Amino acid sequence: MTTLEEQTRSILKAHEQDLLSVISKIHATPELSGKEIQACAWQAELLSAWGFSVETGYKGLATAFNATAGQNKPHICFMAEYDALPGIGHGCGHNLIVGVALGAGVVLKNLLAHHHLPGRVTVMGTPAEEQRGAKIDLIKAGALKDVDLVLMAHPSDNATAPYAGESGIRQFMVSFTGKTAHAADCPEKGVNALDALRLLFNGVDAWRQQLTETSRVHGVIRDGGQAPNIIPDFARAEFYLRDFDLNFLDQMQIRFENIAKGAALMTDTALKFSEIPNPYKPGIPNDPLNQLFFSLARDAGMQPKWPEPSRGSSDFGDVTYEVPAMHAYFNITQNNPDIIIHSKEFAQAAATDFAFSQMKKTARILTQIAWQFLTEPDFRNKVQSAFPFDRQTIDPHT
Ligand SMILES: [Zn+2]
């Protein structure tokens, strides 16, 4: 009788070559957010060959997919992301997220079949994390309605770590419209939209001192006028507002809009204030999932650390409002401080033997967490009790 650990290793080993071939192809063929056509097709093909029933174009998103196997409850979902970054390829290492999600998916599918257990495993392909936040579109379309647990893991330049959550983000385009005039001959006939934009930035800077430590406000000028001798009749800025607290983000949004209104009033310009889809909610950690990840990663020799919540933002945050979920991190840089995420060096690190070894360890850990959720009611109850919103209790036999 082999142990679960041995079964996990041998199932992963049996599928490793196919898996490495797909993630190497994805790494060598970086596709931008929403354009991950080949990455989606390669994953769908492999999951289909492994016996998953696969739907591409999932919930109307061209490069999303859903691959599912088994039946009944509990229903575990491993999430994959596979978009790359302009100019630096897989500088966020999303090819390795694919490796963890598909690796954990195929192992759990085979374990369920081997042990004749009820339960369902899904690998969900979620595109466009870097730009549009397709997880939010998928959630709105009901993709997580009957899912009981979501697990994902992302490569990192920091230590291997459980999920401490991250900032929520709201994105805005603010534009002011005025009137052109010759800037030297008749400036009094113009209405200067760039003045309004400068006052917006000044207003934000005055506000910044009174913001909490957890807040971030940052903007860039998208349009600032055509030429020095023309009073600008149009100016536009793009701003991001971030915080860990969803209610405080509401307050920040009101204040930011008021600053923009004030800038328009002071300059007699017309304001257009619009929110860019999709806002991301701040992620909520699940302690029992985190504790188990931490101890399994320590046992696997990955030297995990407890992290601070991330100041960045991810569409995974919204997942944590739907279902108990964890977005873990695994180090792929051997703690080399010169390799920073979102760089060409990180893209290179995402295709090394060390990265693949960390990816496989992480896939086994996520499988183990899913297995405990499926087979140990005590652990499942703890995870569900730590989820702060209402959700139906799972009976594995219905
Ligand atoms: Zn990423």
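Note that the coordinates shown come from a computational prediction; the quantities given were computed from them, not determined experimentally.
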Inset, instruction - Return yes when atom CD of Q210 has more than 12 non-hydrogen atoms of other residues, nucleotides or ligands closer than 6.0 Å, and no otherwise. - result: yes
Inset, instruction - Report the residues that fulfil ring pair (Phe, Tyr, Trp, His ring centres under 6.0 Å) with F379, sequence neighbours left out, ordered by chain and then residue number. - result: none
Inset, instruction - Establish, from distance only, whether the side-chain atoms of S21 and S24 form a donor-acceptor pair under 3.5 Å. - result: no
Legend entry - N/O donor-acceptor pair under 3.5 Å between D157 side chain and F346 backbone: no
Inset, instruction - Applying ring-ring contact (aromatic ring centres under 6.0 Å, His included), run through Y329 and Y163 and close with a yes or a no. - result: CA-CA 7 Å; Y329 292 93; Y163 179 58; 7.4 Å; no
Legend entry - Cluster overlap V150 with L61, hydrophobic side-chain contacts below 4.5 Å: yes
Legend entry - Salt-bridge present (R170, D250; N to O < 4.0 Å): yes
Inset, instruction - Verify salt bridge (Lys or Arg N to Asp or Glu O under 4.0 Å) between K360 and E16, making sure each step is shown before the conclusion. - result: CA-CA 9 Å; K360 285 184 278 180; E16 186 177 311; 3.1 Å; yes
Inset, instruction - Could you tell me whether a side-chain N or O of S357 sits under 3.5 Å from a main-chain N or O of D353, the two making a donor and an acceptor? - result: no
Inset, instruction - Would you tell me whether E257 and Q253 have side-chain atoms, one donor and one acceptor, within less than 3.5 Å of each other? - result: no
Inset, instruction - Look up atom NZ in K382 and atom CG in N286, then write down how far apart they are to the nearest 0.5 Å. - result: 11.5 Å
Inset, instruction - Check for a donor-acceptor pair, side chain of N72 on one end and backbone N or O of G119 on the other, with a separation under 3.5 Å. - result: no
Legend entry - N/O donor-acceptor pair under 3.5 Å between S385 side chain and N381 backbone: yes
Legend entry - Side-chain H-bond candidate by donor/acceptor type, D83 with H94, under 3.5 Å: yes
Inset, instruction - For R311, enumerate each residue passing the side chain to side chain donor-acceptor pair (under 3.5 Å) test, keeping only those at least two apart in sequence or located in another chain. - result: none
Legend entry - Partner residues of R198 under the salt bridge (Lys or Arg N to Asp or Glu O under 4.0 Å) criterion, sequence neighbours left out: D195
Inset, instruction - Sort and list the pairs that fulfil ring pair (Phe, Tyr, Trp, His ring centres under 6.0 Å) and have at least one residue in residues 260-299, not counting sequence neighbours. - result: F172-F273, F256-F273, F294-W306
Inset, instruction - Just jot down the ring pair (Phe, Tyr, Trp, His ring centres under 6.0 Å) partners of H90, sequence neighbours excluded, or say none. - result: none
Legend entry - Shared hydrophobic cluster for I23 and I88 (ILVMFWY, side-chain gaps under 4.5 Å): no
Legend entry - Hydrophobic cluster identity match, I136 and Y58, side-chain contacts under 4.5 Å: no
Inset, instruction - State the CG-OG distance between D223 and S175, to the nearest 0.5 angstrom. - result: 8.5 Å
Inset, instruction - Apply side chain to side chain donor-acceptor pair (under 3.5 Å) to R298 and list each qualifying residue two or more places apart in sequence or on a separate chain. - result: none
Legend entry - side-chain contact (heavy atoms from CB on, under 4.5 Å) against A355, all qualifying residues, sequence neighbours excluded: L96, I332, T352
Inset, instruction - For K135 and E81, run salt bridge (Lys or Arg N to Asp or Glu O under 4.0 Å): C-alpha distance rounded to whole Å, both residues' side-chain angles, the deciding distance at 0.1 Å, then the answer. - result: CA-CA 10 Å; K135 289 184 193 66; E81 294 172 358; 2.5 Å; yes
Inset, instruction - Before giving the answer on ring-ring contact (aromatic ring centres under 6.0 Å, His included), spell out for F354 and F356 the whole-Å C-alpha distance, their side-chain angles and the decisive distance to 0.1 Å. - result: CA-CA 5 Å; F354 180 72; F356 294 150; over 10 Å; no
Inset, instruction - Check the hydrophobic clustering (I, L, V, M, F, W, Y; side-chain heavy atoms under 4.5 Å; chains of links allowed) and say if L199 and I231 are grouped together. - result: no
Inset, instruction - Could you tell me whether the side chain of Y82 and the main chain of T63 form a donor-acceptor pair under 3.5 Å? - result: yes
Legend entry - Shortest non-hydrogen contact from S167 toward F244: OG-CE2, 3.3 Å
Legend entry - Under 3.5 Å: donor-acceptor pair, side chain of H182, backbone of A184: yes
Inset, instruction - Spell out, as yes or no, whether a donor-acceptor pair under 3.5 Å connects the side chain of T320 to the backbone of I284. - result: yes
Legend entry - Enclosure of Q38 CD (heavy-atom neighbours >12, cutoff 6.0 Å): yes
Inset, instruction - List in chain and number order the residues that pass side chain to side chain donor-acceptor pair (under 3.5 Å) with D18, two or more places apart in sequence or in another chain; answer none if no residue qualifies. - result: none
Legend entry - Check: R208 side chain, V217 main-chain N or O, donor-acceptor pair, under 3.5 Å: yes
Legend entry - Spacing of L85 atom CG and K344 atom NZ [to the nearest 0.5 Å]: 12.0 Å
Inset, instruction - Return yes if some donor-acceptor pair links the side-chain N/O of E376 with the main-chain N/O of Q372 below 3.5 Å, else return no. - result: no
Inset, instruction - State, without any angle test, whether E166 and S310 hold a side-chain donor-acceptor pair at a distance under 3.5 Å. - result: no
Inset, instruction - Would you name the heavy atoms of C92 and I341 that are closest together and state the gap between them? - result: SG-CD1, 4.1 Å
Legend entry - Separation of T126 OG1 from K59 NZ (nearest 0.5 Å): 14.5 Å
Legend entry - Pairs meeting criterion ring pair (Phe, Tyr, Trp, His ring centres under 6.0 Å) with involvement of residues 38-57, two or more places apart: H15-W50
Legend entry - Test item: side-chain donor near acceptor, N66 and T68, under 3.5 Å: no
Inset, instruction - Would you please say whether a donor-acceptor pair under 3.5 Å links the side chains of H327 and S314? - result: no
Legend entry - Atom of A104, atom of A363 and distance for their closest heavy-atom approach: CB-O, 3.7 Å
Inset, instruction - Decide yes or no on salt bridge (Lys or Arg N to Asp or Glu O under 4.0 Å) for D146 and R120, but give the supporting numbers first. - result: CA-CA 10 Å; D146 70 344; R120 197 169 147 201; 2.9 Å; yes
Inset, instruction - Apply salt bridge (Lys or Arg N to Asp or Glu O under 4.0 Å) to the pair D148 and K73, showing each step before the final yes or no. - result: CA-CA 8 Å; D148 300 307; K73 291 275 199 173; 3.1 Å; yes
Inset, instruction - Output all residues satisfying side chain to side chain donor-acceptor pair (under 3.5 Å) with S274, sequence neighbours left out; order by chain, then residue number. - result: none
Inset, instruction - Return yes if a side-chain donor-acceptor contact under 3.5 Å exists between S156 and N331, otherwise no. - result: no
Inset, instruction - Answer yes or no: is there a donor N or O on one side and an acceptor on the other, between the side chain of N278 and the main chain of G133, under 3.5 Å? - result: yes
Legend entry - Partner residues of I230 under the side-chain contact (heavy atoms from CB on, under 4.5 Å) criterion, sequence neighbours left out: T180, Q226, A227
Legend entry - Partner residues of I276 under the side-chain contact (heavy atoms from CB on, under 4.5 Å) criterion, sequence neighbours left out: Q171, M173, E238
Inset, instruction - Verify side-chain hydrogen bond (donor to acceptor under 3.5 Å, both in side chains) between S313 and R242, making sure each step is shown before the conclusion. - result: CA-CA 8 Å; S313 308; R242 303 190 206 233; 2.9 Å; yes
Inset, instruction - For T2 and Q7, test the side chains for any donor-to-acceptor distance below 3.5 angstrom and give the result as yes or no. - result: yes
Legend entry - Straight-line distance of L241 CG to Q251 CD, nearest 0.5 Å: 12.0 Å
Legend entry - Point-to-point distance, once rounded to the nearest 0.5 Å, from CD1 of I139 to NZ of K145: 11.5 Å
